[in-house]
Every structure is written in C-alpha cells, then in structure tokens.
Amino acid sequence: MQISSVNDVKIYNLSHGKSLPEWLSDRKKRQLQKQDVDIQRRIELIQDFEMPTVCTSIKVTRDGQYILAAGTYKPRVRCYDTYQLSLKFERCLDSDVVAFDVLSDDYSKLVFLHCDRYVEFHSQHGHYYKTRIPKFGRDFSYHYPSCDLFFVGTSSEVYRLNLEQGRFLNSLQTDAVENNVCDINPVHHLFAAGSSEGRVECWDPRVRNRVGKLDCALSSLAEGSLPSISALKFNGSLGMAVGTSTGQVLLYDLRSNQPLLVKDHFYNLPIKSLNFHDPLNLVVSSDSKIIKMWNKDTGKLFSSIEPQANLNDVCMYPNSGEDTPRWCSFLDSLTEELEESPESTVYDDYKFVTRKDLENLGLSHLVGSSLLRAYMHGYFMDIRLYHKVKTMANPFAYEEYRKDKIRQKIEESRTHRVQVKALPKVNKELALKLMEEGDDEAEEAARKKKGKALPSLLGDDRFKVMFENPDYQVDEQSEDFRLLNPIISRVGQKRKKKLRLLAQQEDEEEPEGRGSSEEESSDDDDKGWVEEVREQRRLLWLEGKERRRQEKKEADRNTTIQPRFYQIKAGEEFRSFNDMARKQKLQKYDRLKVEERSGTSSTADTAVGSKQLTFTLKKSEQQRKQQQAEREHHEERKKLRRSAGHLSSSRGRGRGWAGRGRGRGRGRH
C-alpha cells in the first residue's frame with residue numbers, strides 16, 4: 001500500500017506493489033510474501049481484481065454488490081462480487097468492447113457495444129442476442145421510460161433501438177458530422193450528444209425534436225485548434241459538465257449558453273471521464289495521466305491522483321466518500337493504525353545537518369527551536385535557510401566551487417584521449433594539433449558551463465589505426481595537401497581568434513564600432529588564404545614544368561639515334577627524290593587544295609624511299625547537306641554580285657571621307 005498526500009488530503013493506494021502470478025503454487029506465494037517487502041505491503045482487497053493486459057471500462061451495479069470490468073487481451077468481461085471479495089465469473093467476447101452498460105440492478109442484463117458495429121446483449125446465464133448498427137458506434141445511453149437505446153458514432157444520425165418492441169426506430173438527425181459521446185439527464189430525461197465539432201445538441205425523447213444547441217468550442221479554444229467533445233455528464237436537473245479533447249472541463253447551467261466555470265488540466269490530453277461527488281461538492285475529472293478532484297463552485301483543487309499507468313476509465317462507488325462501503329469497512333481501522341504510527345519522511349526541501357555542521361555555520365543556538373527537527377544523529381532544516389546561511393558564512397564558496405568544476409571538466413576531457421607519454425609514431429603533427437584544439441574546447445566548454453566538450457579523435461577507437469598504421473601517414477608534399485592546407489590553417493586561426501573575442505566580450509562589454517573592424521579583419525583573412533592558394537598553385541605549376549623538362553632532358557640523353565636502312569624490292573621504281581623536289585615547289589596552299597581534290601593525304605618521305613598512305617574521310621549525311629547548302633549559297637552570291645570597276649576611285653567619296661582615313665565611315669552621329 002502506498003500513501004500520498006496532496007493538499008493535506010491522504011490518498012491510500014491499495015493495489016500498489018508487486019502482484020503474484022496466478023500459476024504459482026500456494027507454497028511459492030507464501031515464500032515470496034515472506035521475502036519480498038513490496039508484496040507484503042500490497043493489500044489484495046478483491047481477489048484477482050485485474051485484467052491480463054488492458055482494462056478499458058468499469059461499472060458498478062446500482063445495488064453496489066457487483067463490479068464489472070471490460071478489457072483485453074483476449075476481449076472479455078469480468079464480474080466481481082463485493083460481498084465475497086472475489087471473482088464471480090468471466091466471459092470472453094468476439095471483439096473489443098467500446099462501451100457497455102448495466103440495465104438492471106444487478107448483472108442480469110448487460111449491453112455491450114463492440115468495435116465491429118455489433119451490439120451484444122447478455123442475460124444472467126450469458127450471451128442472449130446480437131444485432132448490428134449501420135455505422136461504427138462510440139457511445140450509447142439507455143432511456144428507462146421508453147426502453148430506448150441511443151447510439152452515437154461516426155455518423156450524423158443517432159440510432160434508436162427499442163428493447164420492448166425489439167426493432168430500430170426512426171433516427172435523430174443532428175447537424176454534426178460525427179458524434180463522440182452522449183448522456184441522458186436522470187431527472188427530466190433530456191438527451192444530449194457531443195460532436196467532433198465541439199457542439200452539444202440536446203433532444204427531447206418524447207417528441208424527437210432538438211430543443212437546444214450549445215457551442216462549447218468557442219469557450220475552450222487552445223492554441224487556435226478547434227476542440228471536440230470527449231466527455232459529457234449531467235448533474236441534477238440543470239447542471240452539465242463537458243470535457244474537451246484539449247483537456248478543458250466546462251460546467252454549464254442549462255439555462256445559459258456561457259460556461260459557469262472552465263477548468264484546465266494543463267496536459268492537453270482528452271478528458272476521459274467526468275463524475276460528480278455530491279457529498280463533498282466535487283467534480284472528478286480524469287484524462288489518461290491524472291485524476292483531479294476540484295470544487296464545482298470555485299474550481300479550487302481538492303486533491304489529485306497521478307498513477308504510474310495510463311487511465312482509461314474512472315468509476316466512483318455510489319454513496320461513498322465520507323465513509324467506506326460496508327464490504328470494505330475494515331479499511332477505516334487500517335488507516336487509523338497508520339495514522340497512529342506515522343513513519344518519518346525525508347523531504348527534498350530539507351537538508352540534513354549534524355551538530356558539527358551547525359557549529360561551523362554558527363547555528364548552534366537554533367537547537368531546540370522550530371527551525372530544526374531532530375532526527376537520528378542530526379537535524380533537518382529548511383534548504384532555503386541552509387543555502388542563505390552557507391552563503392553568508394563563506395562568501396567565496398561559489399568561486400571555489402566554480403574553479404573546482406572547471407578543473408574537473410578539463411580532467412574529464414583529458415581522460416578521453418589516448419593515454420600516451422609521447423606523441424604517436426604516425427601523424428605526429430596532426431596529433432599535436434588535435435591535443436591543442438582539445439584543450440581549447442575543454443576550457444571553453446567549462447567556462448561557458450555547456451557540459452562536456454566533444455571527444456577528440458585521439459580518444460576514439462575508430463580512428464586509432466590512423467596514428468598507428470604508416471599507410472595513413474599524411475603526405476604534406478602532395479598536391480592536395482598543399483592546396484588545402486592554407487584553407488584549414490586559416491579556419492583554425494579564425495576559430496582561435498573567435499574564441500579569444502568571445503572571452504573578451506564576457507569579461508568586458510564590447511565597444512561600439514567593433515563589429516565593422518571584425519568584418520574587415522574577416523575579409524582580410526579571406527583574401528589572405530585566397531592569395532596563399534594561388535601562390536601554391538603557381539609553385540606547383542613551376543615544379544611540374546621543371547620536372548617535365550628534366551624528364552625530357554634525361555630521356556634525350558638516354559636515347560641514341562640509329563640509322564635506318566631500307567631495301568628496294570624488285571619491280572619498284574625509285575622516285576623519292578623527284579617527288580620530293582616537285583612537292584617542295586608547290587606552295588602550301590596549292591598542295592593542300594590538290595590533296596583535298598584528290599581525297600588523299602601523304603606522309604613525309606624519307607631520303608632513301610617513300611611510303612604513301614591514302615585514305616578518304618567519310619562524312620556524315622548532315623555534313624554533306626551542309627556543304628551542299630554552302631556551295632549553292634556561294635553560287636547564288638556570285639550571280640548577284642555586280643562589278644564596281646566603272647566607278648572612279650576619286651569620285652564617289654562622301655563628305656565623311658574628308659580628312660579621314662579609309663574605313664572611318666558614317667555611323668557616329
């Protein structure tokens with residue numbers, strides 16, 4: 001059993017603690033009860049009062065003798081007898097239960113609304129009848145005077161099933177797209193349905209007419225979203241409570257369209273259930289996280305219950321509150337015993353101090369006063385008083401604490417590195433650079449109190465081979481390294497400079513006009529690394545040129561020219577010299593034209609013989625068409641061209657030629 005106190009209201013959780021599985025033997029259960037303290041403290045008020053997986057809804061019969069619970073898995077309903085404090089029966093169902101109700105004073109008449117649109121009726125012996133509604137249902141209510149069942153769900157219609165005639169009646173047509181919940185007033189039997197648009201429509205079952213519409217969404221807007229109605233409950237003849245999907249509870253008087261009170265759970269979760277506790281004038285509202293009990297007139301919180309598991313439904317035992325029900329009256333004596341022997345509680349807002357601590361703080365004179373509460377070998381005192389006295393007794397304690405924390409952060413960052421006395425054999429320069437950057441980051445993180453610095457590559461096992469295997473050695477003479485090194489070095493310098501500027505800004509305020517100087521310096525830094533990259537590119541080009549020249553010179557030195565001899569075959573005519581002399585007389589342009597007309601190309605002849613290579617260039621269809629079009633164009637231009645020889649060179653010059661050279665014509669006006 002767990003005891004908690006909220007607003008000086010004690011709440012006893014009887015089912016808190018470990019539960020024993022059913023398949024254990026009695027001997028094993030007794031052994032566990034002797035050994036485990038949590039099992040000893042657990043009070044099993046009703047035997048097997050649980051579900052295998054989830055309990056979705058729970059009801060109490062009107063005579064108060066039976067408690068029925070529906071849950072899963074497998075879908076089932078369990079009935080518990082409070083007089084026997086044990087399980088009465090268990091019935092398995094075909095599908096999950098969305099909602100159920102007890103029509104009689106005991107468990108002899110039950111109605112279940114399933115998730116597959118089926119409505120199932122049970123009698124005292126078990127399953128009795130099953131029917132189906134046109135749309136998926138979400139809730140239903142029973143009208144006792146007319147024996148009508150009102151079903152609401154994913155439809156604008158409210159389906160009516162008369163149990164006396166055994167047939168469906170004409171439906172009620174609402175203005176909503178979907179209806180989530182419904183309820184019937186126990187005094188004047190007014191039927192109300194809550195829609196997904198945040199409206200409540202009230203109907204008179206006698207004439208099947210709508211008598212009123214209430215817009216609750218405008219009174220409970222949360223961050224611009226339109227809430228829907230998730231819970232509905234009448235109280236007396238004029239009171240009504242409405243729960244929304246955004247976690248608000250609205251109390252209405254049926255004579256007004258404005259809420260009397262709006263209570264917010266502040267969890268932004270749909271309200272699951274609403275109940276009224278008339279003896280204490282309370283409203284009991286619950287969502288999936290908490291149960292709140294508050295005064296229905298003022299809205300002041302009375303108490304709250306926040307269990308470890310999510311809530312699906314809340315049921316209040318009728319005619320209880322001030323006294324316990326008759327079947328569990330022994331709980332009164334149990335709680336009285338717990339109040340007579342209260343256990344000492346240690347609170348988070350108290351500090352435990354010894355007598356020596358009081359002497360060091362100069363508070364020995366408070367012994368025996370209400371500010372100190374004796375406990376074991378010391379005292380409990382208010383934590384706020386302790387901090388105030390501690391600050392006055394040692395004003396420099398915070399500075400010492402801060403320095404110790406910074407030192408601890410630096411030491412913790414150093415432990416993450418590779419613990420070596422000397423630099424690694426591979427990539428020594430890189431390792432040294434990472435060590436320096438790690439120190440800077442650790443100091444900066446400790447100074448800013450932002451937590452631990454990022455781990456270094458030296459302490460990461462994934463990069464350990466980088467400092468052990470020679471194959472990973474960085475070649476500083478390579479072209480890639482020389483081009484990237486200016487950029488990386490500049491980035492590192494800018495980063496260090498930024499850290500220094502941040503440190504200066506925290507120590508003293510930044511003077512005006514400093515931002516522009518920082519921008520100019522950043523521009524200068526950018527120009528600097530650009531110039532360095534250009535210089536490296538120029539040096540690499542010069543080195544490559546010199547290297548190619550040396551390679552060529554070395555190749556020429558190693559190459560020896562050997563004379564080549566050719567044999568003239570029988571039947572061949574030696575005409576090399578004559579052909580060479582004739583070709584030398586031809587001009588370069590004429591020779592190319594001749595070769596182009598003939599479609600041949602010749603190789604250079606040697607001094608002692610000749611070899612000729614003849615080939616024809618194959619042109620594509622597009623190239624041939626283009627050349628043909630150009631030839632036709634030239635022929636057309638030749639026909640249109642007129643001779644200008646009859647014009648005198650001295651006449652025909654315009655005024656623009658005076659004092660000007662040839663080619664400076666008109667066009668400058």
Side-chain angles (χ1 to χ4, degrees), residues 46 48-84 86-155 157-172 179 181-184 186 189 191 193 205 273 312-313 315 317-318:
I46 299 177
D48 299 331
F49 196 63
E50 59 186 4
M51 276 287 172
T53 306
V54 177
C55 179
T56 56
S57 55
I58 186 170
K59 300 282 185 181
V60 180
T61 57
R62 286 196 293 271
D63 59 5
Q65 182 178 355
Y66 302 101
I67 300 175
L68 293 105
T72 189
Y73 175 81
K74 301 177 180 179
R76 68 189 69 197
V77 59
R78 285 183 173 182
C79 179
Y80 299 91
D81 190 348
T82 57
Y83 292 173
Q84 303 296 329
S86 61
L87 179 66
K88 178 73 173 178
F89 63 83
E90 178 183 19
R91 298 172 185 171
C92 290
L93 307 172
D94 295 336
S95 57
D96 292 335
V97 176
V98 177
F100 80 97
D101 200 1
V102 183
L103 304 184
S104 60
D105 293 338
D106 54 5
Y107 66 91
S108 58
K109 294 180 181 180
L110 304 176
V111 181
F112 298 93
L113 175 61
H114 293 281
C115 62
D116 54 358
R117 298 193 289 131
Y118 274 104
V119 180
E120 187 174 357
F121 298 90
H122 280 222
S123 62
Q124 189 171 4
H125 62 82
H127 172 76
Y128 179 76
Y129 184 73
K130 180 186 287 189
T131 186
R132 207 171 191 183
I133 56 177
K135 298 289 185 179
F136 290 98
R138 294 179 178 174
D139 196 9
F140 71 92
S141 295
Y142 181 61
H143 186 242
Y144 285 93
S146 62
C147 299
D148 286 346
L149 279 174
F150 292 83
F151 296 94
V152 297
T154 59
S155 174
E157 295 181 296
V158 179
Y159 304 110
R160 295 193 304 149
L161 176 62
N162 187 272
L163 301 184
E164 183 180 7
Q165 302 178 24
R167 65 186 182 94
F168 282 98
L169 305 179
N170 293 333
S171 303
L172 305 179
N179 293 296
V181 291
C182 62
D183 194 24
I184 295 179
H189 304 290
F191 173 77
S273 65
N312 292 325
D313 193 14
C315 178
Y317 195 84

Asker: Looking only at heavy atoms, which two atoms of Gly71 and Met51 are closest? And how far apart?
Answerer: N-CE, 3.7 Å
Asker: Under a 4.5 Å cut-off applied to non-hydrogen side-chain atoms, are Tyr66 and Tyr80 in contact?
Answerer: no
Asker: Is it true that the side chains of Asp313 and Ser57 contain a donor and an acceptor less than 3.5 Å apart?
Answerer: no
Asker: Would you mind reporting whether Leu93 and Glu120 have side-chain heavy atoms less than 4.5 Å apart?
Answerer: yes
Asker: Just wondering, more than 12 heavy atoms not from Tyr128 lying within 6.0 Å of its OH?
Answerer: no
Asker: By the side chain to side chain donor-acceptor pair (under 3.5 Å) test, which pairs, at least two apart or in different chains, include something from residues 144-154?
Answerer: Arg62-Tyr144, His143-Ser146, Ser146-Asp148, Asp148-Asn162
Asker: Set out, in order, the CA-CA distance, both residues' side-chain angles and the distance that settles side chain to side chain contact (heavy atoms under 4.5 Å, CB included) for Tyr107 and Val102, then state yes or no.
Answerer: CA-CA 7 Å; Tyr107 66 91; Val102 183; 5.9 Å; no
Asker: Tell me, do Arg91 and Arg76 make a side-chain contact under 4.5 Å, heavy atoms counted?
Answerer: no
Asker: Kindly determine whether Phe140 and Phe151 satisfy ring pair (Phe, Tyr, Trp, His ring centres under 6.0 Å), including the steps that lead there.
Answerer: CA-CA 4 Å; Phe140 71 92; Phe151 296 94; 5.6 Å; yes
Asker: Which atom names give the shortest non-hydrogen contact between Asn179 and Ala193, and what distance separates them?
Answerer: OD1-CB, 4.2 Å
Asker: When the ring planes of His122 and His127 are compared, do they come out parallel, tilted or perpendicular, using 30° and 60° as the limits?
Answerer: perpendicular
Asker: Walk me through whether Val158 and Ser171 qualify under side chain to side chain contact (heavy atoms under 4.5 Å, CB included).
Answerer: CA-CA 5 Å; Val158 179; Ser171 303; 5.9 Å; no
Asker: Is the gap between the ring centers of Phe150 and Tyr159 under 6.0 Å?
Answerer: no
Asker: Let me see the working for Asn312 and Val54 under side chain to side chain contact (heavy atoms under 4.5 Å, CB included), right down to the final yes or no.
Answerer: CA-CA 9 Å; Asn312 292 325; Val54 177; 3.5 Å; yes
Asker: Is any NZ, NE, NH1 or NH2 atom of the basic residue among Asp94 and Lys130 found under 4.0 Å from an Asp or Glu carboxylate oxygen of the other?
Answerer: yes
Asker: State, with a plain yes or no, whether a side-chain heavy atom of Cys182 is found less than 4.5 Å away from one of Phe191.
Answerer: yes
Asker: Measuring from Ile58:CD1 to Ser273:OG, what's the distance to the nearest 0.5 Å?
Answerer: 11.5 Å
Asker: With sequence neighbours left out, write down each residue that passes side-chain contact (heavy atoms from CB on, under 4.5 Å) with Leu103, or none if nothing qualifies.
Answerer: Lys109, Val111, Tyr142, Leu163
Asker: Can Thr131 and Leu161 be said to form a side chain to side chain contact (heavy atoms under 4.5 Å, CB included), step by step?
Answerer: CA-CA 10 Å; Thr131 186; Leu161 176 62; 4.2 Å; yes
Asker: Do Arg138's NZ or CZ and the ring of Phe136 fall within the cation-pi criteria of under 6.0 Å and 45°?
Answerer: no
Asker: Contact between Leu149 and Phe121 at the side-chain level, heavy atoms closer than 4.5 Å - yes or no?
Answerer: yes
Asker: Using atom types as modelled and distance alone, determine if a side-chain donor or acceptor of Asp81 lies under 3.5 Å from a backbone N or O of Lys88.
Answerer: no
Asker: Check for a donor-acceptor pair, side chain of Tyr317 on one end and backbone N or O of Gly64 on the other, with a separation under 3.5 Å.
Answerer: yes
Asker: Within a strict 4.5 Å, meaning less than it, do heavy atoms of the Arg78 and Leu87 side chains meet?
Answerer: yes
Asker: With a 6.0 Å cut-off on the ring centroids, do Phe112 and Phe100 count as close?
Answerer: yes
Asker: How many angstroms lie between atom CZ of Arg117 and atom OG of Ser95, to the nearest 0.5 angstrom?
Answerer: 11.5 Å
Asker: Please round to the nearest 0.5 Å and tell me the distance separating atom CG of Leu110 and atom NZ of Lys59.
Answerer: 11.5 Å
Asker: Which atom names give the shortest non-hydrogen contact between Ile67 and Val60, and what distance separates them?
Answerer: CG1-CG2, 4.2 Å
Asker: For the residue pair Val181 and Val152, establish whether any side-chain heavy-atom pair is separated by less than 4.5 Å.
Answerer: no
Asker: Any idea which heavy atoms bring Gly137 and Leu113 closest together, and the distance?
Answerer: C-CD2, 3.8 Å
Asker: Any non-hydrogen side-chain atom of Val119 less than 4.5 Å from a side-chain atom of Ile133?
Answerer: yes
Asker: Which pair of non-hydrogen atoms, one from His189 and one from Ile184, has the smallest distance, and what is that distance?
Answerer: CA-CG2, 3.8 Å
Asker: Check Arg160 against Leu172 and note the closest heavy-atom contact, atom names and distance.
Answerer: CD-CG, 4.4 Å
